[in-house]
Amino acid sequence: MLLQSQHTSLRPLTTAHLAQTMTLLELTGEELRQKIEAQLASNPALELIDTARCPHCHRLLSGSGPCPVCSSPNISTGGEPIVFVSPRKDFSTPGRGLSGDEQPSEEWTAAAEDLPTFVLRQISPELEPADRQLAAHLLTSLDEDGLLSVPLLEISRYHHVPLSRVENVQKLIQHAEPLGVGSSTPQEALLVQLEVLAESRAVPDLAALAIKEGMDLLSRRAYSELGRLLHKPTSEAVEIAEFISENLNPFPGRAHWGEVHQASESYPVYKDADIVISCVNENPNTPLLIEIVSPYAGSLRVNPLFRQALSLAPTDKADQWQSDLDEAVLLVKCLQQRDHTLVRLMTRLAVLQRHYILEGDALIVPITRAQLAEELEVHESTISRAVAGKAVQLPNRKIVPLSKWFDRSLHIRTALIQIIADERRPLSDTEIAGLLIKQGYFVARRTVAKYRMMEGILPARLRHSNSNLPMR
DNA sequence: CTATGGCACGGATT
DNA sequence: AATCCGTGCCATAG
């Protein structure tokens with residue numbers, strides 16, 4: 001890694017270089033985009049050029065070969081993941097609110113219009129001309145999650161119209177794609193989606209109730225408590241929660257969503273993934289496809305014309321030009337290195353965590369940043385920086401923070417959830433600890449209690465009432 | 001007496 | 001150097 005920087009033909013910039021590489025590493029998509037835009041605007045030595053794209057899937061083609069995804073469906077990379085860097089634009093498909101089902105609303109991606117415009121166009125036929133202003137006001141008040149950021153009452157006052165009229169317009173908006181957009185709360189968005197979904201397909205009866213009454217339980221994943229609320233066994237509560245998480249989206253403006261609780265806690269809110277992992281042809285047996293999402297389209301390089309022109313620079317500008325050039329070279333190098341690091345990191349991770357990626361939390365293998373750093377022969381802090389704040393989109397379209405991949409106890413906690421979901425009678429922490437140890441997870445009773453709490457599961461004695469009902 | 005949560009310590013991780 | 005995490009000990013509730 002370090003060697004790479006040394007064959008720079010330029011003056012020794014290594015310290016600055018290293019410093020900047022680190023900074024770039026920890027930048028997440030949007031921040032990086034801003035940084036690059038700022039540089040592009042201020043530094044004439046930099047230019048953004050188009051690079052070849054696969055005519056089919058629009059991915060950037062690295063090098064000269066054919067597109068790894070569509071041109072060669074039978075990739076033989078010996079099980080190694082395929083990695084490449086592709087521009088962010090190609091992924092943003094915010095229309096995909098409801099996963100799984102139809103209504104892909106390609107229009108959204110095709111036309112690069114923004115969310116308000118997109119929705120307005122859908123509802124305008126049904127919109128009373130008199131309500132256009134209201135609709136416009138509502139739509140411009142959407143936050144990035146597609147939720148309303150101002151109270152309805154405020155809007156009704158502002159326009160001097162009855163609240164009910166505003167509500168009607170909101171209802172119209174909510175039923176446009178992405179479904180639930182313009183709701184005041186995630187809860188409301190879920191309910192709208194559920195209602196619409198129910199028209200075309202069977203939904204669990206209690207899902208609505210669970211959302212209305214047990215939203216906090218859902219987000220805390222307190223499934224047994226939810227079960228009590230619904231007067232159903234925990235297993236059924238889990239099913240309902242799964243249904244909701246699979247089919248509904250509390251943030252309609254976001255393309256996909258990961259863990260429910262993620263949004264409410266102190267994690268940064270991820271607009272979009274920085275890394276996308278998918279399966280070629282949606283087939284889990286093929287190599288994994290890893291895409292490092294770069295926030296700009298095309299590739300960044302030092303403008304060769306500028307370099308040539310340097311020798312012709314007027315003497316008073318020469319210094320300025322030279323430093324612009326240096327800076328540009330540095331930035332490009334650093335970006336390359338950032339990508340390189342991320343690619344190496346993700347490749348290794350994808351190999352190690354293949355089962356986790358494809359089959360879920362239970363199969364994650366605990367790994368520390370330090371171990372990975374050793375394998376990749378980089379400094380621990382490099383890994384830390386690379387991981388910090390990044391989000392990964394898994395093949396099942398969930399977005400999880402990359403840091404979750406380094407969760408030391410995730411697999412044990414999923415085992416614990418499984419045990420509790422399967423229990424016929426509420427088991428005490430001690431008993432659970434015993435079972436876990438039998439499965440090879442050596443944890444103390446005290447630790448079981450901690451994990452339970454992390455997952456929002458109540459203590460045994462409070463799980464009584466319903467869990468001992470017969471389960472199928 | 002048993003089950004569980006709080007506090008705090010020490011080692012691992014970042 | 002700071003933080004996180006698993007665990008032991010102890011108080012408390014049932």
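Chain naming here is simple, since letters A, B, ... match the order of the sequence lines and numbering starts at 1 in each.
- Taking atom CD1 on A/I457 and atom C1' on B/dG5, their separation rounds to 16 Å, with Å as the unit.
- The distance between atom CG of A/D407 and atom C1' of B/dT14, rounded to the nearest whole Å, is 14 Å.
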Extract all donor-acceptor atom pairs below 3.5 Å that involve side chains of residues 436-445 of chain A and protein atoms in other chains or at least two apart in sequence.
none

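- Residues A/Q174 and A/Q193 bring no donor and acceptor atom of their side chains to less than 3.5 Å of each other.
- Between the CD atom of A/E26 and the C1' atom of B/dT14 there is a distance of 13 Å, rounded to whole Å.
- Minimum interatomic distance between A/A328 and A/N43 (heavy atoms only, all atoms of both residues): N-ND2, 3.8 Å.
- Classification of A/E31 and A/K35 as a salt-bridged pair fails, no side-chain N sitting under 4.0 Å from a carboxylate O.
- Listed here is the closest heavy atom pair of A/L152 and A/S184: CG-OG, 4.3 Å.
- The existence of a salt bridge linking A/R425 and A/E431 is confirmed by a sub-4.0 Å separation between a basic side-chain nitrogen and an acidic carboxylate oxygen.
- Side-chain atoms of A/S409 and A/D407 form a donor-acceptor pair, as typed in the model, at a separation below 3.5 Å.
- Between the P atom of B/dA3 and the CG atom of A/L458 lies a distance of 17 Å, rounded to the nearest Å.
- Across A/I290 and A/A350, no two heavy atoms sit closer than the pair CD1-CB, 3.4 Å.
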Mark up nucleotides 6-14 of chain C, 5' to 3', with B wherever a protein heavy atom is under 4.0 angstrom from a base atom, S wherever such an atom reaches only the sugar-phosphate, and - elsewhere. SBBB-----
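- Within residues 362-373 of chain A, the residues approached by DNA chain B to less than 4.0 Å at the level of any non-hydrogen atom are A/T368, A/R369, A/A370, in residue-number order.
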